Engineer: 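Sharing a structure with you now.
Bear in mind the structure is a predicted one, so any value in this text is a computation, not a measurement.
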Amino acid sequence: MDTVVQNEVVAKAKSGKKAAPLLATASAGKRTQALRAIATRLRAQAADIVKKNAEDVERARQAGTAASLLDRLTLTPARMEDIAAGADAIAGQPDVLGEGETWTRPNGLEIQRVRVPLGLVGIIYEARPNVTVEAACIAFKAGNAVLLRGSSSALQTNRLLVAAMQEALQEVDLPPTLIQLIESGDRHDVDELVRLNRYLDVIIPRGGADLINRVVQTATVPVIETGIGNCHVYVDKAADLDKATRIVVNAKTHRPSVCNSAEKLLVHQDVADAFLPVIVKALSDKNVKLKGCAETVRRQPHLPVAPDQDWDIEYLDLVMAIKIVNTVEQAVEHINQHGSHHSDAIVTEDYAASRTFTRGVDSAAVYVNASTRFTDGGEFGFGGEMGISTQKLHARGPMGVRELTTNKYVVLGSGQTR
């Protein structure tokens with residue numbers, strides 16, 4: 001471990017841990033004021049940030065980065081406005097700190113369960129600089145200090161984004177160490193960060209399977225695991241095929257490089273002959289590379305056969321695999337076996353089929369007659385998201401402000417002893 005890397009990671013973790021109680025005890029109004037100031041700063045500095053981001057994107061392009069990852073890395077004026085608007089939206093979310101319930105025991109003890117911050121949250125993520133702001137603001141709204149570790153490909157962009165947020169904190173008399181960025185760019189700083197359980201209260205990895213698995217396997221800090229998105233759309237025999245076409249095209253092509261885009265299409269055998277020619281043409285017109293199971297290829301001979309391993313992977317690109325199934329139960333079985341438990345959809349006009357699907361599919365978000373692209377904190381009304389959790393403890397699905405808190409018990413007595 002490089003001593004400089006180690007010193008930066010430990011020093012920033014220490015200062016974040018020290019600052020965290022100042023935010024935990026700050027008023028809801030103070031936190032809202034800070035988030036509004038962040039949005040204002042980001043808008044004021046948007047042009048400079050986009051310019052610096054273009055340099056990051058060009059370096060990544062020269063390094064041979066895939067087009068789908070370049071899209072994730074890129075900021076435009078419109079995307080900067082979305083980021084600033086997201087900070088405003090998070091500021092406007094209801095405050096959850098202090099929420100709880102109270103009950104009195106027979107011995108007279110009054111027990112209060114109240115919602116409190118987690119403390120210092122470490123966030124490790126790849127490529128997307130919008131995560132720098134969104135994750136920081138959600139953690140901040142929940143009363144947490146945050147230590148960010150983005151990818152080296154976005155380092156220059158992230159520096160400007162964090163500097164803008166820190167300037168906003170200082171404007172409202174809060175310490176800038178509440179939001180910090182690990183700047184070394186050394187891959188070993190991840191290994192250092194995830195073992196700092198003396199300072200960090202939780203680590204959230206947000207990225208591809210390799211990153212998430214690495215953090216889960218090496219961390220001594222508790223991990224909230226976000227998952228990859230091997231998402232499915234199942235077109236049932238009772239589907240409205242025009243509706244199904246719109247949903248599938250949107251789920252696959254609206255933004256193929258994100259985790260809630262659809263990667264696999266399941267089609268009931270009874271509608272395959274009618275639906276496959278339509279959807280293959282619609283997706284091909286959007287430059288989607290298609291492949292299929294043996295039965296799909298029998299009906300659409302120009303398509304290549306999907307290798308067995310494809311059913312388990314996330315493409316994050318304009319690629320989709322198609323499988324013919326015999327029943328809704330077979331679709332559910334396939335999704336539970338090969339999916340990532342992220343987001344899966346059924347298109348059907350049959351209530352019984354929709355109930356079988358929603359009850360049977362073991363995913364964080366299950367849709368009926370809607371695109372998987374809605375699995376998003378903003379779309380769910382959370383103002384933003386920390387990530388999409390596919391685990392089942394503490395948080396599942398889009399993680400908003402509430403998922404970045406925990407409980408504390410406050411017990412009021414009048415001299416009781418046991």
Engineer: Counting only N and O atoms by type, is there a donor-acceptor contact under 3.5 Å from the side chain of E263 to the main-chain atoms of W311?
Structural biologist: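 No: the side chain of E263 does not pair with the backbone of W311.
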Engineer: Looking just at side-chain N and O atoms, do Q180 and S15 make a donor-acceptor pair shorter than 3.5 Å?
Structural biologist: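 Distance-only check passes for Q180 and S15.
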Engineer: Can you name the nearest heavy-atom pair linking H342 to C259, along with the distance?
Structural biologist: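 For H342 and C259, the tightest heavy-atom pair comes out as NE2-SG, 3.2 Å.
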Engineer: Check for a donor-acceptor pair, side chain of N197 on one end and backbone N or O of T220 on the other, with a separation under 3.5 Å.
Structural biologist: no
Engineer: Any donor-acceptor pair under 3.5 Å linking the side chain of K237 with the backbone of Q269?
Structural biologist: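 Judged by distance alone, no pair lies under 3.5 Å.
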Engineer: Compute whether any side-chain donor of one residue and acceptor of the other, for E58 and Q62, lie under 3.5 angstrom apart.
Structural biologist: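 On atom types as modelled, these side chains qualify, holding a pair under 3.5 Å.
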Engineer: For the backbone of T157 and the side chain of D56, can you confirm whether one donor and one acceptor N or O come within less than 3.5 Å of each other?
Structural biologist: yes
Engineer: Are the charged groups of K51 and E55 less than 4.0 angstrom apart, N to O?
Structural biologist: no
Engineer: Under the salt bridge (Lys or Arg N to Asp or Glu O under 4.0 Å) definition, can you give me all pairs with a residue in residues 19-43, not counting sequence neighbours?
Structural biologist: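 Applying salt bridge (Lys or Arg N to Asp or Glu O under 4.0 Å) to every pair that reaches into residues 19-43, excluding sequence neighbours, yields R31-D95, R36-D88, R41-E167, R41-E171, R43-E81, R43-D88.
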Engineer: For N260 and S343, which I'm curious about, is there any donor-acceptor pair between the side chains at under 3.5 Å?
Structural biologist: no
Engineer: With rounding to the nearest 0.5 angstrom, report the CG to CD1 distance, L161 to I49.
Structural biologist: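 The CG atom of L161 sits 4.5 Å away from the CD1 atom of I49.
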Engineer: Of all heavy-atom pairs between R396 and S363, which one has the smallest distance, and what is that distance?
Structural biologist: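 Of all heavy-atom pairs spanning R396 and S363, the closest is NH2-C, 3.6 Å.
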Engineer: Mind listing the closest non-hydrogen atom pair of L318 and P256 along with its distance?
Structural biologist: CD2-CG, 3.7 Å
Engineer: For residues A13 and L196, report the shortest heavy-atom separation together with the two atoms involved.
Structural biologist: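 Taking A13 first and L196 second, the nearest heavy atoms are CB-CD1, 3.7 Å.
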Engineer: Search all heavy atoms of N158 against all heavy atoms of S151 and return the closest pair with its distance.
Structural biologist: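 Scanning both residues completely, I find the closest heavy atoms to be ND2-O, 4.3 Å.
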Engineer: Just checking, is any N or O donor in the side chain of Y234 or D236 under 3.5 Å from an acceptor N or O on the other one?
Structural biologist: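 Side chains of Y234 and D236: pair found under 3.5 Å.
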Engineer: Look at the side chain of K252 and the backbone N and O of I247, then say whether any donor-acceptor pair between them is shorter than 3.5 Å.
Structural biologist: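 Not at all, since once roles are kept as given, no pair shorter than 3.5 Å links the two residues.
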Engineer: Before accepting this row, confirm whether a basic side-chain N of the pair D362/K392 lies closer than 4.0 Å to the acidic partner's carboxylate O.
Structural biologist: yes
Engineer: So does E225 get a backbone contact from the side chain of Q391, meaning a donor-acceptor N/O pair under 3.5 Å?
Structural biologist: yes
Engineer: I'd like to check D376 versus V258 (side-chain heavy atoms, cut-off strictly below 4.5 Å). Are they in contact?
Structural biologist: no
Engineer: Looking at E192 and R149, is any side-chain nitrogen of the basic one under 4.0 Å from a carboxylate oxygen of the acidic one?
Structural biologist: no
Engineer: Quick one: CG on N53 to CD on Q156, what's the gap to the nearest 0.5 Å?
Structural biologist: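 Answer rounded to 0.5 Å: 11.0 Å.
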Engineer: Determine whether more than 12 heavy atoms belonging to other residues, nucleotides or ligands lie under 6.0 Å from atom CD of E333.
Structural biologist: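 Check fails, neighbour count at 12 or below.
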Engineer: Under a 4.5 Å cut-off applied to non-hydrogen side-chain atoms, are P398 and T375 in contact?
Structural biologist: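 In short, these two side chains touch, coming nearer than 4.5 Å.
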Engineer: Does a side chain donor of either S261 or Y315 reach within less than 3.5 Å of an acceptor in the other side chain?
Structural biologist: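 No pair is found: no donor N or O on one side chain lies under 3.5 Å from an acceptor on the other.
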Engineer: Of R128, R61, R79, which meets salt bridge (charged side-chain N to carboxylate O under 4.0 Å, His left out) against D71?
Structural biologist: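 Filter result, single survivor: R79.
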Engineer: Could you tell me the separation between the CZ atom of R159 and the OG1 atom of T132, rounded to the nearest 0.5 Å?
Structural biologist: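 It comes to 12.5 Å.
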Engineer: Is there a donor-acceptor contact under 3.5 Å from the side chain of H232 to the main chain of D344?
Structural biologist: no
Engineer: Closest heavy-atom contact between C293 and I324?
Structural biologist: SG-N, 3.4 Å
Engineer: From L147 CG over to L178 CG, what is the distance, rounded to the nearest 0.5 angstrom?
Structural biologist: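 Rounded to the nearest 0.5 Å, the CG-CG separation comes out at 12.0 Å.
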Engineer: From the options V305, I322, D310, L303, select the one residue that forms a side-chain contact (heavy atoms from CB on, under 4.5 Å) with K291.
Structural biologist: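 Filter result, single survivor: D310.
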Engineer: Can you measure from CD1 (I124) to CG (D189) and round to the nearest 0.5 angstrom?
Structural biologist: 8.0 Å
Engineer: Would you say N250 and S371 are linked by a side-chain donor-acceptor pair, where the criterion is simply a distance under 3.5 Å?
Structural biologist: yes
Engineer: Can you tell me how the ring of H338 sits relative to the ring of H334, calling it parallel under 30°, perpendicular over 60° and tilted otherwise?
Structural biologist: tilted
Engineer: Between the side chains of S340 and N230, does any donor sit under 3.5 Å from an acceptor?
Structural biologist: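 Note: S340 and N230 side chains miss the donor-acceptor criterion.
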